[in-house]
Amino acid sequence: MTTVADLADRVGQEVGLSRWFPLDQPRMTAFAALTQDFSPIHTDIAGAKDLPFGTTVAHGFHTLSLLSAMQFDAMPAIDGVGWSVNYGFDRLRFVAPVFAGAQVRGRFVLKQLDDSTQGEVTLHLAVTIEIEGQDKPAVVADWINRHYLGDPA
């Protein structure tokens with residue numbers, strides 16, 4: 001748990017690093033079913049051998065969808081927050097493919113904190129989703145989260 005004031009003192013610094021999250025083929029296949037995106041590059045293990053990467057790769061949106069879990073895992077809760085929303089992205093790039101069986105984690109740097117509106121705290125986070133054992137990240141993004149102080153009722 002942290003306070004808004006303590007978090008404001010950390011602008012420009014890393015504020016969280018998540019654990020590793022596996023992206024194995026069963027998860028990738030389940031994500032394809034949920035999103036109805038059955039592109040062979042994500043789901044056809046045998047056929048992927050003839051595709052450019054030689055194996056299946058995770059959907060970019062699948063990798064991105066792990067950000068919420070990564071944030072819960074890595075970042076301290078803010079004291080007094082009743083509820084929060086994903087406000088969107090200012091910048092988002094899928095930089096490198098995530099091959100089936102890889103693990104990814106989220107690194108969070110606090111770029112800006114805005115608490116100028118009564119009862120709200122907006123965080124601007126520079127997020128990097130790293131791929132275990134690789135120099136190039138899977139995703140880089142500027143992510144905006146809004147937190148509302150007080151009882152959510």
Side-chain angles (χ1 to χ4, degrees), residues 1-4 6-45 47-79 81 83-115 120-148:
M1 189 75 65
T2 190
T3 66
V4 172
D6 287 341
L7 203 52
D9 289 339
R10 298 189 62 194
V11 170
Q13 298 176 22
E14 184 175 300
V15 291
L17 179 65
S18 78
R19 64 184 165 87
W20 292 105
F21 287 77
L23 275 171
D24 56 21
Q25 191 61 52
R27 287 176 186 240
M28 291 166 42
T29 301
F31 187 84
L34 285 171
T35 62
Q36 298 296 293
D37 179 354
F38 295 102
S39 173
I41 198 163
H42 306 303
T43 59
D44 184 357
I45 298 165
K49 291 179 174 92
D50 298 325
L51 294 173
F53 300 120
T55 187
T56 54
V57 298
H59 299 71
F61 286 122
H62 185 183
T63 306
L64 182 66
S65 74
L66 295 172
L67 271 183
S68 292
M70 291 173 177
Q71 181 185 34
F72 284 119
D73 185 64
M75 292 187 57
I78 303 170
D79 190 37
V81 168
W83 58 290
S84 303
V85 295
N86 172 0
Y87 199 69
F89 294 89
D90 278 340
R91 182 179 68 90
L92 171 63
R93 294 289 182 268
F94 299 107
V95 181
V98 179
F99 302 122
Q103 295 197 97
V104 293
R105 70 178 176 189
R107 185 176 299 273
F108 301 85
V109 173
L110 181 59
K111 289 179 65 174
Q112 179 184 346
L113 182 147
D114 179 0
D115 62 352
E120 293 180 10
V121 178
T122 302
L123 305 181
H124 294 254
L125 299 162
V127 180
T128 305
I129 299 180
E130 302 172 344
I131 306 167
E132 186 176 37
Q134 294 190 28
D135 293 331
K136 203 172 198 182
V139 175
V140 293
D142 290 339
W143 189 26
I144 306 168
N145 291 199
R146 180 157 295 155
H147 305 277
Y148 295 92

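Predicted model, so just to flag it, every value in this text is computed and none were measured.
Taking CE of Met75 as the reference point, atom CG of Leu125 lies at 5.0 Å (rounded to 0.5 Å). Taken from CG in Leu64 to CE in Met70, the straight-line distance is 9.5 Å, to the nearest 0.5 Å. Between the OG1 atom of Thr29 and the CG atom of Leu34 there is a distance of 11.0 Å, given to the nearest 0.5 Å. Here Met28 contributes atom CE and Phe99 contributes atom CZ; the two are 10.5 Å apart, rounded to the nearest 0.5 Å. Here the CZ atom belonging to Arg27 is positioned 7.5 Å from the CG atom belonging to Leu66, to the nearest 0.5 angstrom.
Using a 4.5 Å cut-off on side-chain heavy atoms (C-beta onward), Asn145 and Phe108 make no contact. Side-chain contact between Ile129 and Val98: absent, with no pair of heavy atoms (C-beta onward) separated by less than 4.5 Å. Proximity of Trp20 to Asp73: side-chain heavy atoms (C-beta onward) are nowhere separated by under 4.5 Å. The shortest side-chain heavy-atom distance between His42 and Phe31 does not fall under the 4.5 Å cut-off. Within the 4.5 Å cutoff, side-chain heavy atoms of Arg91 are placed close to those of Val140. Taking 4.5 Å as the limit, every side-chain heavy atom of Val15 sits out of range of all side-chain heavy atoms of Leu123.
Remark: the Thr122 side chain and the Arg146 side chain contain an N/O donor-acceptor pair separated by less than 3.5 Å.
A cation-pi contact links Arg19 to Phe21, judged by a cut-off of 6.0 Å to the six-membered ring centre and 45° from its axis.
Here the shortest heavy-atom pairing between Pro137 and Ile131 reads C-CD1, 4.2 Å. Heavy-atom minimum distance, Asp37 versus His59: O-NE2, 3.0 Å. Summarising the geometry of Ala32 relative to Thr43, their closest heavy-atom pair is CB-CG2, 3.6 Å, with the distance given to 0.1 Å. Among all heavy-atom pairs drawn from Ser18 and Ala74, the shortest one is N-CB, 3.4 Å. Smallest separation of non-hydrogen atoms from Asp6 and Thr3: N-OG1, 3.0 Å. Between Pro97 and Phe53, the shortest heavy-atom contact is CG-CE2, 3.7 Å.
Among residues two or more places apart in sequence or in another chain, the ring-ring contact (aromatic ring centres under 6.0 Å, His included) test is passed with Phe61 by Phe94. Residues that satisfy the side-chain hydrogen bond (donor to acceptor under 3.5 Å, both in side chains) test with Ser84, not counting sequence neighbours, are His147.
Of the possible polar contacts, one joining the Arg10 side chain to the Glu14 backbone as a donor-acceptor pair under 3.5 Å is found. Side-chain atoms of Ser65 come within 3.5 Å of backbone N or O of His62 as a donor-acceptor pair.
With Asp142 as reference, Lys111 is the one residue of His124, Lys111, Gln112 to meet the side-chain hydrogen bond (donor to acceptor under 3.5 Å, both in side chains) rule. The only option from Thr63, Thr128, Val104, Val95 that meets the side-chain contact (heavy atoms from CB on, under 4.5 Å) definition with Val139 turns out to be Thr63.
Atom CZ of Phe38 sits in a crowded spot, with more than 12 heavy atoms from other residues, nucleotides or ligands closer than 6.0 Å.
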